[in-house]
Amino acid sequence: EEMSPPRLARCRAHLRDRLPRQIFVDKAQRGYRVNKPGELTQDTGEVAPLYPLVSNDVFVDMDSFGLGISLYFRQLMLFFFFSVGCALVMVASYRYNAKNCEHSGTAETEKNRGLVAGSAAGCAPQDLNIANNVVPDVLSCCAILCLTIVANRVLYVVETRIDLSQQTPSDYSIQVSNPPDYEDDLDKYWNFFSDFFATGTNREDVVAVTMSKDNGHLIQLLADRRAYQVDLRDFEAAAAAAAKDHHHQQRSSF
């Protein structure tokens with residue numbers, strides 16, 4: 001079967017259909033969610049807008065794609081600026097080495113040239129000093145150490161914030177530890193929490209309402225009663241069997 005040649009217009013349409021779009025929903029905490037594959041319109045029939053490439057809330061928009069994607073790009077940004085900062089700290093050392101470590105050979109065999117220019121390649125011990133070599137290295141190592149110590153804590157805080165921003169009532173349960181003794185109607189609890197979440201920040205439907213009685217002592221007593229009944233039946237069965245054997249032995253003696 002002969003295949004049609006690719007067309008630029010169809011490629012652009014395919015790309016446009018695969019770009020992420022904002023689907024506005026009342027129950028989402030931020031008022032919108034990312035579209036599903038092939039979902040191009042709102043519930044009202046209007047075309048869903050694309051996510052903006054640059055905005056003041058770019059990380060907030062990124063949170064709607066999930067925890068993994070949001071953390072990934074946050075870490076990329078952190079490592080980029082951290083690497084730039086360390087490179088700026090080491091600029092003085094690079095310039096000093098490139099200027100003072102050029103006596104290790106001829107122009108053809110020079111060690112401190114090309115990709116290693118500015119490094120300690122070809123430097124003699126007398127070429128190095130504390131201000132231009134030791135201090136930048138120590139500062140960079142201290143920065144890496146601080147980043148390692150702080151990174152786990154910052155990651156936990158950011159992860160918790162992103163996770164909470166995506167939470168809805170269907171993602172967790174609420175336990176009422178001290179409900180009124182006189183109120184045991186599940187429909188009333190359903191209506192109460194439905195009204196609460198309908199007007200709150202996290203707008204969502206209540207999934208289910210259950211109630212458990214604080215009757216652990218009663219359950220234990222019923223279990224003990226059941227065990228006593230079983231023991232009593234076993235005892236009665238054993239007594240009946242012993243009486244039957246005793247009667248059989250008496251008949252045999254006659």
Side-chain angles (χ1 to χ4, degrees), residues 12 15-16 18-22 28-35 49-168 171-172 201-202:
R12 289 176 176 173
L15 174 62
R16 185 174 59 253
R18 296 301 184 274
L19 291 176
R21 299 175 180 270
Q22 294 177 338
Q29 182 178 4
R30 303 192 181 278
Y32 61 88
R33 60 170 176 82
V34 65
N35 67 317
L50 296 172
Y51 274 82
L53 182 60
V54 179
S55 67
N56 296 330
D57 298 328
V58 60
F59 286 107
V60 175
D61 293 338
M62 200 177 298
D63 292 345
S64 61
F65 289 84
L67 181 63
I69 293 179
S70 184
L71 282 179
Y72 172 74
F73 285 101
R74 277 181 165 87
Q75 289 175 344
L76 282 184
M77 183 186 68
L78 172 64
F79 293 144
F80 171 77
F81 286 108
F82 181 80
S83 301
V84 171
C86 289
L88 292 177
V89 172
M90 298 296 296
V91 166
S93 179
Y94 299 152
R95 295 184 60 183
Y96 177 83
N97 292 340
K99 182 179 179 181
N100 295 276
C101 300
E102 298 179 349
H103 52 71
S104 56
T106 62
E108 292 77 13
T109 61
E110 176 62 52
K111 294 182 179 180
N112 199 306
R113 61 180 300 181
L115 295 178
V116 298
S119 67
C123 294
Q126 61 270 17
D127 296 330
L128 306 178
N129 58 51
I130 295 178
N132 293 291
N133 298 103
V134 178
V135 172
D137 288 343
V138 171
L139 290 177
S140 297
C141 292
C142 290
I144 294 175
L145 178 61
C146 293
L147 178 67
T148 303
I149 296 175
V150 177
N152 289 333
R153 178 58 183 171
V154 174
L155 178 64
Y156 174 77
V157 173
V158 174
E159 180 180 350
T160 302
R161 188 181 66 181
I162 296 173
D163 192 31
L164 290 178
S165 68
Q166 302 300 316
Q167 289 291 318
T168 62
D171 297 322
Y172 55 88
T201 303
N202 295 329

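The two atoms that bring R16 and R21 nearest to each other are O-NH2, 3.3 Å, heavy atoms only. Scanning both residues, P136 and V89, for their nearest heavy atoms gives CB-O, 3.7 Å.
In the displayed structure, F82 atom CZ is contacted under 6.0 Å by more than 12 heavy atoms of other residues, nucleotides or ligands. Around atom CG of L145, more than 12 heavy atoms belonging to other residues, nucleotides or ligands sit under 6.0 Å away.
Going from atom CG of L19 over to atom CG of N35 covers 9.5 Å, rounded to the nearest 0.5 Å. To the nearest 0.5 Å, the span separating CG on L139 from CG on L88 amounts to 12.5 Å.
A donor-acceptor pair shorter than 3.5 Å cannot be found between the side chains of N132 and N97.
Contact annotation: the side chain of F79 approaches that of L147 to within less than 4.5 Å [non-hydrogen atoms, C-beta and beyond]. Two residues are said to be in side-chain contact when any heavy atoms from C-beta on lie closer than 4.5 Å; M77 and F73 fail this criterion.
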